[in-house]
Amino acid sequence: MAFSNEIMAWYSRHKRDLPWRRTTNPYIIWLSEVILQQTRVEQGLPYFHRFVSQYPDVVSFASADEDEILLHWQGLGYYSRARNMHRAAKAVVQEYGGAFPTNYEELIKLKGIGEYTAAAIASFSANEARAVVDGNVFRVLSRYFGIDDPINSTKGKKRFLSLAQDLLDHQNPGWYNQSVMEFGALQCRPKNPACATCVLRLDCRAVNEGRVGNLPVKIKGKASRNRYFNYFVVKADDRLLMSKRGKGDIWENLYELPLIETSSQAAPHELAAMDEVKACFGTNAGMKLVSGPVKHVLSHQNLFAQFFEVTPSRAPDIKKMQWNYVFIKDLGTLAKPKLIYSFLKNYMVGYYT
DNA sequence: TTCCTGCTTG
DNA sequence: CAAGCAGGAA
């Protein structure tokens with residue numbers, strides 16, 4: 001098969017020397033694959049090294065505290081990946097005695113491992129014949145074969161999955177899978193693909209039909225909603241009031257400042273007049289805007305955050321609000337969303353790094 | 001099964 | 001403004 005052989009030959013000449021390609025240890029490959037989900041190699045690399053050194057095996061990962069894992073994950077985003085990894089690691093210890101599975105059927109049962117990641121780990125660690133289909137593969141196949149089914153439609157996904165499985169080299173599934181993905185990352189790039197130097201250009205339908213810029217096709221998602229977050233900085237001596245986020249919303253189990261969400265942008269005096277604010281900080285609380293509104297964009301939400309320095313006129317009911325005073329010097333031990341981390345970093349200059 | 005949602009960076 | 005997978009709700 002011209003396509004598969006060409007692309008594997010290309011890979012042997014152009015592959016990057018990435019650390020997770022030097023091992024067949026399924027645990028290490030799992031770390032790299034989950035970190036690299038929705039993350040670029042350059043951004044994931046330092047996290048990969050951190051996790052390998054902090055948790056050299058699945059047993060150490062499983063016995064760590066979730067807060068600690070989240071702290072190491074801080075800044076990577078999609079924090080459910082870290083929480084699910086913890087659950088998966090515990091399951092591996094419980095059900096497999098710490099021997100990380102290498103076959104697709106077992107892998108896909110673990111939290112945070114879907115079709116792509118199961119195929120990746122199985123093929124890289126044990127050469128199981130499972131084709132991976134990630135964003136790179138979608139792009140390479142849609143261009144080379146001129147397929148304009150949307151890659152995020154059910155029909156499209158099935159078609160690409162089945163095509164990928166047909167193309168798989170059964171002698172070297174792991175090598176083949178790496179080849180297509182690397183080819184997509186370096187040659188058949190989303191923007192500015194290097195068609196002029198491409199070994200597949202003569203047989204590439206997108207090139208021949210002038211459709212490279214139009215493939216792959218993707219259905220646009222729905223628009224984001226706007227949310228308005230009002231954060232309160234409440235200091236007491238060398239401590240700061242902090243809050244842990246709960247289930248069912250963004251940033252689950254991460255730490256932030258006390259928050260009141262409003263349905264629109266609130267001016268400082270409007271906020272101070274709110275019953276909820278009075279109930280928290282007293283009727284005569286001082287309130288001063290110190291930052292914002294800062295726009296913070298998530299995948300399906302636009303956050304507009306304001307930060308207020310508050311001088312309560314009576315002691316906040318921290319028990320009822322489930323808030324905690326945290327020593328400023330200890331703020332670095334709490335996993336925080338980028339938004340909060342960045343604010344504190346600027347605001348607490350000299351106290352906290 | 002299908003649809004919706006999660007974070008950050010270049 | 002685009003890019004990148006999985007889980008859970010519908």
Side-chain angles (χ1 to χ4, degrees), chain A residues 29-47 70 72-88 91 104 107-121 130-140 142 150-158 160-161 164 177 180-182 184-186 188-193 213-227 229 245-256 294-303 305 335-343 345:
Chain A
I29 295 170
W30 169 71
L31 281 181
S32 72
E33 288 299 335
V34 179
I35 288 171
L36 263 38
Q37 287 168 4
Q38 293 103 347
T39 304
R40 292 175 174 81
V41 168
E42 318 80 70
Q43 194 199 358
L45 211 40
Y47 287 86
L70 284 171
H72 290 127
W73 198 270
Q74 176 172 272
L76 251 195
Y78 289 113
Y79 297 92
S80 62
R81 290 182 290 170
R83 297 189 301 268
N84 284 334
M85 282 183 106
H86 196 208
R87 295 168 66 179
Y104 184 94
L107 286 163
I108 203 158
K109 293 178 191 165
L110 297 169
K111 283 283 179 243
I113 298 184
E115 288 183 340
Y116 163 77
T117 307
I121 300 172
R130 294 277 180 170
V132 296
V133 184
D134 73 342
N136 293 305
V137 178
F138 278 120
R139 187 169 57 255
V140 172
S142 84
I151 59 174
N152 53 347
S153 68
T154 306
K155 176 163 171 272
K157 274 185 210 152
K158 281 166 84 170
F160 284 104
L161 217 67
N177 280 336
V180 187
M181 292 196 288
E182 190 77 334
L186 300 182
C188 195
R189 300 181 291 250
K191 281 175 282 191
N192 309 316
N214 301 323
L215 294 174
V217 173
K218 196 172 178 184
I219 301 167
K220 274 193 7 189
K222 46 175 271 192
S224 295
R225 66 180 167 127
N226 294 340
R227 298 176 73 178
F229 283 9
R245 291 187 66 87
K247 286 178 70 73
D249 201 350
I250 58 172
W251 298 331
E252 182 178 326
N253 292 358
L254 271 68
Y255 293 84
E256 62 182 358
V294 176
K295 185 178 180 185
H296 190 82
V297 181
L298 279 57
S299 59
H300 298 88
Q301 305 184 23
N302 300 313
L303 307 182
K336 301 165 289 295
K338 183 73 196 319
L339 174 68
I340 301 301
Y341 175 81
S342 301
F343 167 75
K345 198 173 160 184

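Every chain is numbered from 1, with letters handed out A, B, ... down the list of sequences.
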- For Thr154(A) and for Glu252(A), find the nucleotide of DNA chain B with the closest heavy atom, then tell me which residue's nucleotide is more 5'. Thr154(A)
- Measure the distance from NZ on Lys155(A) to P on dC3(B) and round it to the nearest whole Å. 14 Å
- Item | Closest non-hydrogen atom pair, Tyr79(A) against Pro337(A) | OH-CA, 4.2 Å
- Reported CZ-to-CZ distance for the pair Arg189(A) and Arg139(A), which is rounded to 0.5 angstrom: 10.0 Å
- Between dG6(B) (P) and Leu70(A) (CG): distance, integer Å: 17 Å
- For Gln301(A) and dT5(B), is the shortest distance between a side-chain N/O and OP1 or OP2 below 4.0 Å? no
- Message: In this structure, how many angstroms lie between the C1' atom of dG6(B) and the CG atom of Leu339(A), rounded?
- Response: 15 Å
- Item | Other residues, nucleotides, ligands: >12 heavy atoms within 6.0 Å of Glu252(A) CD | yes
- Item | Closest non-hydrogen atom pair between Glu33(A) and Thr117(A), with its separation | CB-CG2, 3.9 Å
- Task: Quick one: closest heavy-atom pair of Phe138(A) and Lys157(A), and the distance?
- Result: CZ-CG, 4.1 Å
- Looking only at heavy atoms, what is the nearest atom pair of Tyr104(A) and Glu115(A), with distance? OH-CG, 3.4 Å
- Can you check each nucleotide of nucleotides 3-10 of chain C against protein heavy atoms at under 4.0 Å and return B for base, S for sugar-phosphate only, - for none, in 5' to 3' order? BBBSSS--
- The answer to which of Ser80(A) and Glu42(A) contacts DNA chain B further toward the 5' end, by nearest nucleotide, is Ser80(A)
- Item | Nearest-angstrom distance from the residue atom CG of Asn302(A) to P of dC7(B) | 15 Å
- Message: Rounding to an integer number of Å, can you tell me how far Leu303(A) CG sits from dT5(B) C1'?
- Response: 13 Å
- Between NZ of Lys338(A) and C1' of dG6(B) the distance, given in whole Å, is 17 Å
- Note on the structure: note: Tyr341(A), atom OH; dC7(B), atom C1'; distance rounded to Å ~ 16 Å
- Task: Take Gln37(A) and Tyr116(A), measure what side chain to side chain donor-acceptor pair (under 3.5 Å) needs, and give me the verdict at the end.
- Result: CA-CA 9 Å; Gln37(A) 287 168 4; Tyr116(A) 163 77; over 6 Å; no
- Query: Atom CH2 of Trp251(A) and atom C1' of dT5(B): how far apart are they, to the nearest Å?
  - Reply: 14 Å
